[in-house]
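The structure appears below as structure tokens.
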Amino acid sequence: MTLTARPGLDLSDLKAWLSTGRLNHVAGEWRSAASGATFPVVNPADFKEVLADFPASSPEDVQAAIEAASQAQRGWASTPAPQRGAVIARAIAMLRDQVELLAHVLSWECGKVIAEARIEVNRGINAMEYLNAEARRLHGQTIPSEQPGMFAYTTRRPVGVVALVTPWNFPFAIPAWKLVPALVAGNAVVLKPAEQTPLCAALIVRAFVEAGLGAGVLNLVHGDGQVGAALVEDPGVKAVSFTGSTAVGKRINQVAAGRLAKVQLELGGKNAAIVMADADVELAAREIAVAAWGSTGQRCTATSRVIVDRRVARPLVERLMAHAQAIKVGPGLDEDNTMGPLVNQEALEKVERYMGIARQEGATLAYGGHRMGGEYKKGYFFEPTLLTGVRPEHAVACEEVFGPVLAVIEVDSIDEALSVANEVDYGLSSAIFTRDIHQAFAYAERVATGLAHVNCATVFSEVHLPFGGMKDSGFGGREMGPSALDFYTETQTTYLKHG
């Protein structure tokens with residue numbers, strides 16, 4: 001383990017805990033994998049730096065976690081919701097006291113620059129606080145009956161054991177905003193974070209344990225896709241919330257549907273920013289640059305396509321190039337850097353593969369497009385990239401690259417822009433830049449995305465508003481916002497005859 005402390009940050013407790021290797025949490029105990037097998041978690045900014053060794057769980061570990069959750073389910077569900085919320089609130093307070101540690105851990109394991117890591121941790125905690133308030137708002141309805149002497153009402157009941165399978169690109173925020181509504185609603189949980197970034201999830205679970213959450217209510221198992229598959233296949237799991245690739249999400253839905261388990265899928269995106277001829281080009285370039293190259297393009301809401309009226313294409317491209325040139329690439333823990341590495345070798349090779357396809361299909365490389373060498377060779381660093389001359393049918397215009405790659409497509413009208421924006425399989429987020437209110441409303445009415453933005457970036461969202469996509473970008477209900485608990489509850493209707 002080679003975690004290096006920054007001035008003022010004490011890592012002694014973290015190092016001692018990680019060195020035990022007992023980082024699965026099952027039935028109230030921290031455990032190693034039953035087999036004793038482990039896997040290394042490495043720093044994507046320096047892949048020779050091993051941050052920690054985590055348990056490589058087996059189906060036996062998964063089964064133990066599900067059984068523990070099943071045994072704890074009834075007691076947790078029967079705990080009054082405000083009391084559940086009180087335990088969760090203590091955990092949230094502990095996490096808020098650890099923001100700087102959590103941000104540094106996130107940067108180590110994910111590669112994000114420290115400024116972005118701090119934003120993610122604070123956003124995740126904000127989401128937890130908002131969602132935990134639902135402990136006092138688990139409302140049902142009283143509904144007039146057509147029968148005399150009959151009182152009818154609805155209540156919300158937990159679904160049972162819930163599996164949460166979370167991705168590597170938001171290793172704190174996504175486990176946070178899945179976990180709290182699941183627990184508030186009265187469900188017991190098995191959490192399986194991405195094997196690339198398990199540290200943040202382990203720290204979240206540790207806070208809940210120290211806050212007094214009962215044994216078995218929250219269980220944590222680490223490992224690869226086989227661990228996730230074992231969770232999805234087990235009949236003891238009544239609902240699965242998954243964030244990740246569309247291909248994996250579709251397989252999860254097929255398996256879970258065979259046993260009528262609930263499924264919530266937050267999947268990929270191919271998000272477009274439309275720039276009309278009347279737009280504030282400087283504003284558009286600034287917002288698009290943040291959304292395209294922030295987090296190294298590794299966000300499901302990242303802008304990967306610019307669909308621009310050809311009358312302003314040249315000035316927009318010039319401004320985008322200026323923003324790309326101003327990006328300082330390097331390790332995330334250097335406060336001066338503004339873009340970190342890709343997460344691993346697989347991600348790096350994927351981006352390189354799409355660059356080769358783009359050249360073959362006739363796109364022009366306006367900026368970047370290469371893996372970074374020299375001092376950057378020890379990490380998975382790739383240049384911020386801008387492609388022009390892209391056509392809607394090109395691979396970089398319709399397939400998810402998931403890297404710092406921005407493709408520019410020129411069009412002649414709002415109708416053509418919306419047609420190009422909507423013709424991909426994905427439908428998560430989009431934006432339009434225009435001063436014309438008529439064009440703004442035409443866009444909002446016709447664009448096929450779950451998130452729509454006017455004169456702001458595709459990555460913008462707020463924790464008290466629903467988040468999710470259409471088409472191949474999402475399934476099974478929205479996360480966050482007023483409807484966040486819908487997935488984690490069942491509605492029971494009660495008829496009480498008193499006349």
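Excluded from the calculations below are hydrogen atoms, water molecules and symmetry mates; all remaining heavy atoms, backbone and side chain alike, are included. Residue indices begin at 1 and follow the sequence shown.
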Does anything in residues 164-182 form a side-chain hydrogen bond (donor to acceptor under 3.5 Å, both in side chains)? List the pairs, not counting sequence neighbours.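 Sorted result for residues 164-182: Trp177-Glu479, Lys178-Ser241, Lys178-Thr243, Lys178-Glu479.
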For the [atom1] atom on [X], are there more than 12 heavy atoms of other groups (residues, nucleotides or ligands in this structure) within a distance under 6.0 Å?
{"X": "Glu423", "atom1": "CD", "result": "yes"}
{"X": "Gln492", "atom1": "CD", "result": "yes"}
{"X": "Tyr130", "atom1": "OH", "result": "yes"}
{"X": "Arg446", "atom1": "CZ", "result": "yes"}
{"X": "Lys497", "atom1": "NZ", "result": "yes"}
{"X": "Arg157", "atom1": "CZ", "result": "no"}

Between Thr491 and Thr154, does a side-chain hydrogen bond (donor to acceptor under 3.5 Å, both in side chains) hold up when you go through it step by step? CA-CA 7 Å; Thr491 298; Thr154 67; over 6 Å; no
Atom pair [atom1] ([X]) and [atom2] ([Y]), whose distance is rounded to the nearest 0.5 Å:
{"X": "Asp97", "Y": "Ile92", "atom1": "CG", "atom2": "CD1", "result": "12.5 Å"}
{"X": "Trp108", "Y": "Asn43", "atom1": "CH2", "atom2": "CG", "result": "9.5 Å"}
{"X": "Ser107", "Y": "Leu102", "atom1": "OG", "atom2": "CG", "result": "12.5 Å"}
{"X": "Arg90", "Y": "Glu210", "atom1": "CZ", "atom2": "CD", "result": "12.0 Å"}
{"X": "Lys250", "Y": "Phe475", "atom1": "NZ", "atom2": "CZ", "result": "12.0 Å"}
{"X": "Thr458", "Y": "Leu451", "atom1": "OG1", "atom2": "CG", "result": "9.0 Å"}

Keeping the roles fixed (side chain from [X], backbone from [Y]), state whether a donor-acceptor pair exists under 3.5 Å.
{"X": "Ser473", "Y": "Gly268", "result": "yes"}
{"X": "Glu109", "Y": "Leu199", "result": "yes"}
{"X": "Arg305", "Y": "Ala407", "result": "no"}
{"X": "Asn24", "Y": "Ala34", "result": "no"}
{"X": "Arg259", "Y": "Val232", "result": "yes"}
{"X": "Tyr426", "Y": "Cys398", "result": "no"}
{"X": "Asn271", "Y": "Ser429", "result": "yes"}
{"X": "Thr79", "Y": "Gly75", "result": "yes"}
{"X": "Arg299", "Y": "Ala292", "result": "no"}
{"X": "Gln298", "Y": "Val343", "result": "yes"}

[X] and [Y]: which non-hydrogen atoms are nearest, and at how many Å?
{"X": "Ala442", "Y": "Leu418", "answer": "O-CD1, 4.2 Å"}
{"X": "Leu191", "Y": "Pro193", "answer": "O-CD, 3.7 Å"}
{"X": "Val113", "Y": "Gly340", "answer": "CG1-N, 3.7 Å"}

Taking the side chain as C-beta and beyond, is there a heavy-atom pair between [X] and [Y] under 4.5 Å?
{"X": "Phe172", "Y": "Val99", "answer": "no"}
{"X": "Tyr443", "Y": "Ile274", "answer": "yes"}
{"X": "Val221", "Y": "Pro55", "answer": "no"}
{"X": "Glu129", "Y": "Asn132", "answer": "no"}
{"X": "Asp486", "Y": "Arg156", "answer": "yes"}
{"X": "Thr197", "Y": "Val41", "answer": "no"}
{"X": "Phe460", "Y": "Glu287", "answer": "no"}
{"X": "Phe208", "Y": "Val205", "answer": "no"}

Tell me yes or no: between the side chains of Gln147 and Tyr495, is some donor less than 3.5 Å from an acceptor?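 Side-chain D/A pair, Gln147 to Tyr495: absent.
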Ignoring hydrogens and geometry beyond distance, is a side-chain donor-acceptor pair present between Glu67 and Gln71 at under 3.5 Å?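 Absent: no donor and acceptor within the cut-off.
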Test the Lys112-Phe170 pair against the cation-pi criterion, namely NZ or CZ under 6.0 angstrom from the six-membered ring centroid and within 45° of the ring axis.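 Positive - Lys112 is close enough to the ring of Phe170 and near enough to its axis.
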Carefully, step by step, assess Glu134 and Arg137 under the rule side chain to side chain contact (heavy atoms under 4.5 Å, CB included). CA-CA 5 Å; Glu134 295 299 310; Arg137 291 196 297 258; 2.7 Å; yes
Between Glu349 and Glu346, is the side chain to side chain contact (heavy atoms under 4.5 Å, CB included) condition met? List the steps. CA-CA 5 Å; Glu349 291 175 354; Glu346 181 182 358; 5.5 Å; no
Give me the one residue out of Lys270, Met470, Glu266 that meets side-chain contact (heavy atoms from CB on, under 4.5 Å) with Leu428.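 Only match with Leu428 under side-chain contact (heavy atoms from CB on, under 4.5 Å): Glu266.
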All ring-ring contact (aromatic ring centres under 6.0 Å, His included) counterparts of Phe54, not counting sequence neighbours: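 Phe54: ring-ring contact (aromatic ring centres under 6.0 Å, His included) contacts with His222.
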For Asn122 and Arg96, what are the C-alpha separation, side-chain angles and deciding distance, and is it a side chain to side chain contact (heavy atoms under 4.5 Å, CB included)? CA-CA 8 Å; Asn122 279 294; Arg96 190 166 286 287; 3.6 Å; yes
Does the side chain to side chain contact (heavy atoms under 4.5 Å, CB included) test come out yes or no for Val447 and Asn422, once each step is laid out? CA-CA 6 Å; Val447 74; Asn422 286 337; 3.8 Å; yes
I would like to know whether Glu120 and Arg123 meet salt bridge (charged side-chain N to carboxylate O under 4.0 Å, His left out); could you show each step before the answer? CA-CA 5 Å; Glu120 177 180 337; Arg123 175 178 169 78; over 6 Å; no
